[in-house]
There are 2 protein chains.
Amino acid sequence: MGKVDYNLLWGEAARAGRGRPPGLSRERIVAEAVAIADAEGLQKVSMKHLAERLGSGVMSLYRHVPGKDELVVLMYDSLMAGPLPLPEADHWRDVLRHWGLGVRDLFIAHPWALTVATSERTMGPGEAGWVDAVLGRLSAVGLPAELGLIAVLTVDCFALGAVRPEIGSAGGDTDFFQFLADPAARARFPDLARLVAPGSASGASMEDYFEFGLDRVLDGLERFIESRH
Amino acid sequence: MGKVDYNLLWGEAARAGRGRPPGLSRERIVAEAVAIADAEGLQKVSMKHLAERLGSGVMSLYRHVPGKDELVVLMYDSLMAGPLPLPEADHWRDVLRHWGLGVRDLFIAHPWALTVATSERTMGPGEAGWVDAVLGRLSAVGLPAELGLIAVLTVDCFALGAVRPEIGSAGGDTDFFQFLADPAARARFPDLARLVAPGSASGASMEDYFEFGLDRVLDGLERFIESRH
DNA sequence: GCTAATTAGCGTACCTCATACGCCAAATTG
DNA sequence: CAATTTGGCGTATGAGGTACGCTAATTAGC
């Protein structure tokens with residue numbers, strides 16, 4: 001929600017010298033919060049609930065995390081610090097395709113993360129390293145740095161936008177295209193209805209659509225990159 | 001946050017016959033909430049604040065809106081019910097390009113909307129009509145319906161993802177790439193640093209980047225569509 | 001070992017916010 | 001002018017975030 005201190009993400013971790021040794025740690029808190037969000041949703045991540053899980057008092061958390069908003073930001077950046085979807089491919093297009101699908105998998109595995117990603121925020125070290133790793137790989141397979149950067153951002157933007165209708169549909173709780181179940185709505189928006197028609201569950205076809213769009217984006221990038229050679 | 005009733009968005013508005021005439025209306029409430037969110041941010045939209053603006057009691061709002069979550073959904077859908085960025089172009093590519101830029105403008109004008117767009121939700125009538133209008137225009141300029149649908153969704157997905165770094169940068173409060181102000185960070189992520197380098201403010205270059213990516217997406221769609229003729 | 005300094009854990013109190021409930025007011029229908 | 005219906009809203013409740021300050025545990029210096 002509110003503003004989050006830049007130093008929270010990028011600042012040095014002040015080392016502890018003397019004094020009482022910590023039982024909690026920022027890492028443990030963030031990891032547990034992510035576990036709760038994955039299992040029960042982001043709105044179930046309350047300081048109270050989190051403290052119970054960790055077997056500590058509520059206010060103890062504030063020794064390691066400035067507040068709730070900051071915790072959410074840390075949760076998000078911790079995702080990006082994990083393993084990267086980088087294949088052993090030797091063509092930039094394969095690298096980017098694999099990476100785009102990996103981004104999709106990440107946001108489907110952590111549905112709460114998409115909301116965080118699209119909130120007003122600052123890029124953290126995890127995310128920066130994430131992007132940096134892909135740029136490095138693209139560079140290794142011969143794509144010039146300036147082309148790699150725009151290619152990665154384009155694919156990333158598409159993936160972020162395109163994964164949206166898939167989230168929620170998976171759980172079955174909230175279907176993004178629920179209104180199309182009504183025949184009257186299908187009659188009013190016949191073109192939209194076609195999207196969901198093939199596999200009535202709508203979940204399966206969305207994945208196909210994601211790949212289709214991704215391939216179109218890669219086509220567009222390919223045309224541009226080839227014109228530069 | 002929570003689940004929102006499907007009927008809230010798509011249900012018929014029950015007409016009032018007798019009884020006390022309403023002083024408030026759902027439309028007024030939603031419009032005022034949007035005004036607050038635009039001016040002060042979504043987190044400042046509280047039932048209390050909203051009621052003060054409307055000169056009514058807090059609980060009066062609940063006669064017209066089931067709750068806060070539902071209000072936010074209605075706010076979002078009301079944006080989509082507004083005027084559409086549809087040009088008088090006679091080529092599908094121009095239509096989609098103009099539309100993509102219009103989507104970008106919309107989310108920059110209403111920064112809070114992006115978070116709502118990417119939350120778990122159901123498509124409402126405003127948004128469905130929005131998509132439907134573009135499909136109709138594309139159809140009118142000769143693009144087959146099935147191609148129009150995937151083209152619109154692809155462009156929409158890209159626009160949604162790509163506008164993200166621009167939000168917040170505009171206000172100057174929270175810069176998405178704030179960490180690149182630090183020379184050490186620029187040294188660590190030189191490729192990323194290049195993105196912001198040209199216009200040090202980073203805002204101007206992001207718009208150029210949006211258009212670049214959009215054109216790549218359109219290129220990819222063009223290749224696919226031409227291969228179908 | 002003793003004391004001072006330092007840092008962690010956490011109970012209490014407070015504030016904000018959404019909202020269930022119920023009463024009253026204002027209009028229509030007969 | 002009742003009876004009915006619908007809207008406005010005050011009060012109370014409960015959840016959630018967090019400022020404050022006390023206590024506990026540990027180390028550094030003596």
Side-chain angles (χ1 to χ4, degrees), chain A residues 1-5 8 11-30 32-33 36-37 40-75 112 115-116 119, chain B residues 1-5 8 11-30 32-33 36-37 40-75 112 115-116 119:
Chain A
M1 295 287 203
K3 215 157 302 168
V4 170
D5 189 6
L8 188 259
E12 304 297 314
R15 72 291 153 305
R18 57 200 166 191
R20 181 174 176 173
L24 287 171
S25 72
R26 174 175 286 188
E27 287 68 32
R28 273 224 307 145
I29 293 173
V30 171
E32 191 65 38
I36 294 175
E40 309 173 52
L42 189 58
Q43 80 280 165
K44 285 294 184 61
V45 178
S46 71
M47 301 307 261
K48 190 173 145 90
H49 190 180
L50 185 51
E52 278 166 8
R53 291 278 198 113
L54 291 165
S56 75
V58 177
M59 293 314 291
S60 306
L61 304 176
Y62 288 86
R63 289 284 178 200
H64 304 271
V65 167
K68 175 77 181 291
D69 290 351
E70 289 82 355
L71 172 64
V72 173
V73 171
L74 289 170
M75 287 168 64
W112 53 270
T115 321
V116 181
S119 64
Chain B
M1 292 290 204
K3 214 157 304 166
V4 170
D5 189 8
L8 189 259
E12 304 297 314
R15 72 288 154 312
R18 56 197 167 194
R20 180 173 176 172
L24 286 171
S25 71
R26 174 175 284 186
E27 287 67 33
R28 273 224 305 146
I29 293 173
V30 171
E32 192 65 39
I36 294 174
E40 309 173 52
L42 190 58
Q43 81 281 163
K44 285 294 184 61
V45 178
S46 71
M47 300 308 260
K48 190 171 143 91
H49 190 181
L50 186 50
E52 278 166 7
R53 291 280 197 110
L54 291 164
S56 75
V58 176
M59 293 313 292
S60 307
L61 304 176
Y62 288 87
R63 290 281 180 200
H64 305 271
V65 167
K68 176 79 180 290
D69 290 352
E70 289 83 355
L71 173 63
V72 173
V73 171
L74 290 170
M75 286 168 65
W112 54 271
T115 320
V116 181
S119 66

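- In this structure, A:His49 places its NE2 atom 20 Å from P of D:dG14, rounding to the nearest Å.
- Atom pair A:Leu54:CG and C:dG9:P shows a separation of 11 Å (rounding to whole Å applied).
- With C:dG11, C:dA20, D:dA24 as the candidates, the nucleotide lying closest to the side chain of A:Met59 is C:dG11.
- Using a cut-off of 4.0 Å between Lys/Arg side-chain N and Asp/Glu carboxylate O, B:Arg53 and B:Glu40 are scored as salt-bridged.
- Comparing C:dG9, C:dT19, D:dT6 by their closest approach to the side chain of B:Arg20 singles out D:dT6.
- Distances from the side chain of B:Pro22 to the nucleotides C:dA8, D:dG7, C:dC10 place D:dG7 closest.
- Residue-level contact check: B:Gly57 touches the backbone only, with heavy atoms under 4.0 Å from sugar-phosphate atoms and none from bases.
- For the pair A:Ile29 CD1 and C:dC10 C1', the computed distance is 13 Å after rounding to whole Å.
- For B:Leu61 and D:dC9, the CG to C1' distance is 10 Å, given to the nearest whole Å.
- The backbone N or O of A:Ile29 lies less than 3.5 Å from no partner atom in the side chain of A:His64, so there is not a single donor-acceptor pair.
- A:Tyr62 approaches A:Gly67 most closely through the heavy-atom pair CE2-CA, 3.9 Å.
- What separates CG of B:Leu24 from C1' of C:dA27 is a distance of 16 Å, to the nearest Å.
- The residue among B:Gly19 and B:Gly23 whose nearest nucleotide of DNA chain D lies closer to the 5′ end is B:Gly19.
- A side-chain contact (heavy atoms from CB on, under 4.5 Å) with A:Val30 is found for exactly one of A:Val72, A:Leu50, A:Leu71, namely A:Leu71.
- Considering only side-chain atoms of B:Ser46, the nucleotide from C:dT19, C:dC10, C:dA18 that sits closest is C:dA18.
- With C:dA18, D:dA25, C:dC21 as the candidates, the nucleotide lying closest to the side chain of A:Pro21 is D:dA25.
- In the set C:dT19, D:dT18, D:dC9, the nucleotide with an atom closest to the side chain of B:Lys68 is C:dT19.
- If you measure from atom OH of B:Tyr62 to atom C1' of C:dG22, you get 16 Å, rounded to the nearest angstrom.
- A:Lys68 contributes a side-chain N or O that, together with a main-chain N or O of A:Val45, makes up a donor-acceptor pair within less than 3.5 Å.
- Between B:Ser60 and D:dG8, a side-chain N or O to OP1/OP2 separation shorter than 4.0 Å is absent.
- Here the nucleotide nearest the side chain of B:Arg18, chosen from C:dT7, D:dT4, C:dC21, is D:dT4.
- Rounded to whole Å, the distance from CG on A:Leu50 to C1' on D:dG17 is 13 Å.
- We find that CD of B:Glu52 is positioned 12 Å from P of D:dG10, with the value rounded to whole Å.
- Side-chain proximity of B:Arg63 to the nucleotides D:dG16, C:dC10, D:dG7 is greatest for D:dG7.
- When each of D:dT18, C:dA8, D:dC9 is scored by its nearest atom to the side-chain atoms of A:His64, the top-ranked nucleotide is C:dA8.
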